[in-house]
Amino acid sequence: MSDKPISPLHQPMIDDMTARRFTEDTQRDYVRAVRNFTAFLGRSPDTASAEDVPRYQLHLAKQHIGPATINLACTALRFFFKITLEKPDLVRHLAPVQQPRKTPVVLSQDEVARLLEAAPSLKYKAALSVAYGGGLRVSAC
């Protein structure tokens, strides 16, 4: 983390995250999210109103920011307002963004047959058959 403070609220937030054993990456991401919120507001985040936080979430959505990034910003702001500032009412209506589900790619019967025929030996053919029949994913093999 840089030694340059972004505001008087920077060190208390770092201390709160350190006390909860947040990783360096999480701390960096949370500080960045609060810094971006501060830039959006144009003033200190401790002066934010209950309308500013949902307005910021809408701003992120209009900028075509991904759901994971918006959820990270929401989580960081929720931590900042609830824990560091002790103002939980400001983030009470902050809701996570639903991430779209991707449909899994399913091989056709011909593709499965070609996969099994491409196995170099009976041992590999048996392993591939069991893995495919059991519904295992590539990352689980």
Side-chain angles (χ1 to χ4, degrees), residues 1-46 48-141:
M1 310 229 61
S2 72
D3 294 333
K4 181 180 133 189
I6 55 174
S7 78
L9 301 170
H10 181 252
Q11 193 57 50
M13 183 177 176
I14 295 292
D15 292 343
D16 289 338
M17 290 188 289
T18 302
R20 287 163 178 77
R21 296 180 179 236
F22 285 17
T23 65
E24 285 283 325
D25 290 341
T26 301
Q27 290 184 22
R28 184 190 66 241
D29 291 342
Y30 277 29
V31 168
R32 182 184 309 126
V34 173
R35 186 183 311 131
N36 291 341
F37 177 67
T38 303
F40 169 78
L41 280 181
R43 61 184 192 276
S44 179
D46 60 341
S49 68
E51 294 82 31
D52 290 330
V53 179
R55 202 166 48 91
Y56 179 62
Q57 187 178 16
L58 180 62
H59 166 75
L60 292 176
K62 286 182 178 179
Q63 297 295 316
H64 302 291
I65 305 294
T69 305
I70 293 174
N71 287 338
L72 173 80
C74 292
T75 304
L77 291 175
R78 194 173 292 119
F79 176 86
F80 177 69
F81 284 111
K82 281 185 175 181
I83 305 300
T84 303
L85 293 183
E86 297 178 354
K87 295 181 179 180
D89 291 344
L90 293 178
V91 290
R92 185 178 28 171
H93 298 293
L94 198 56
V97 176
Q98 294 296 321
Q99 297 197 24
R101 291 184 177 213
K102 297 178 184 174
T103 55
V105 176
V106 179
L107 298 177
S108 69
Q109 287 182 351
D110 291 338
E111 291 171 326
V112 173
R114 283 193 326 214
L115 175 70
L116 294 176
E117 287 174 15
S121 70
L122 185 60
K123 175 175 81 172
Y124 292 107
K125 189 178 225 177
L128 286 172
S129 296
V130 169
Y132 184 76
L136 295 179
R137 298 180 182 160
V138 171
S139 60
C141 292

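Below, all heavy atoms of this structure are taken into account, side chains as well, without hydrogens, waters or symmetry copies. By convention here, the first residue in the shown sequence is residue 1.
With rounding to the nearest 0.5 Å, the separation of CD1 in Ile83 from CZ in Arg78 is 11.5 Å. Going from atom CG of Leu9 over to atom CD of Gln11 covers 11.5 Å, rounded to the nearest 0.5 Å. Rounding to the nearest 0.5 Å places CG of Asp29 at 9.5 Å from OG1 of Thr69. Atom CD1 in Ile14 sits 11.0 Å away from atom CZ in Arg28 (nearest 0.5 Å). To the nearest 0.5 Å, the span separating CZ on Arg92 from NZ on Lys87 amounts to 14.5 Å. Taking CG of Leu115 as the start and OH of Tyr124 as the end, the distance is 14.0 Å to the nearest 0.5 Å.
Note: Phe37 and Phe81 have perpendicular aromatic rings, judged against thresholds of 30 and 60 degrees for the angle between ring planes.
The environment of Arg43 atom CZ is dense: over 12 non-hydrogen atoms of other residues, nucleotides or ligands sit within 6.0 angstrom. Within a 6.0 Å radius of OH in Tyr132, other residues, nucleotides and ligands contribute more than 12 heavy atoms.
When all heavy atoms are compared, the tightest approach of Val106 to Glu111 is O-OE1, 4.4 Å. Leu90 and Ala50 make their closest contact through CD2-N, 3.4 Å (heavy atoms, listed as atom of the first residue, atom of the second, distance). The two atoms that bring Ala73 and Leu60 nearest to each other are CB-CD1, 3.9 Å, heavy atoms only. Of all heavy-atom pairs between Cys74 and Leu94, the closest is O-CD2, 3.6 Å. Across Val34 and Ala76, no two heavy atoms sit closer than the pair CG2-O, 4.4 Å. For the residue pair Leu41 and Ala48, the shortest heavy atom distance occurs at CD1-CB, 3.8 Å.
Of the possible polar contacts, one joining the Arg20 side chain to the Asp16 backbone as a donor-acceptor pair under 3.5 Å is found. With hydrogens and angles disregarded, a donor-acceptor distance shorter than 3.5 Å links the side chain of Gln27 to the backbone of Phe22. Using modelled atom types, no side-chain atom of Asn36 and backbone atom of Ala33 make a donor-acceptor pair closer than 3.5 Å. Side-chain atoms of Asn71 come within 3.5 Å of backbone N or O of Val97 as a donor-acceptor pair. The backbone N or O of Val91 lies less than 3.5 Å from no partner atom in the side chain of Lys82, so there is not a single donor-acceptor pair.
Tyr30 is listed as a side-chain neighbour of Leu72, based on a closest heavy-atom distance under 4.5 Å.
Using modelled atom types, one finds a donor on one side chain and an acceptor on the other under 3.5 Å when comparing Ser49 with Asp52. A donor-acceptor pair shorter than 3.5 Å can be found between the side chains of Ser44 and Asp46.
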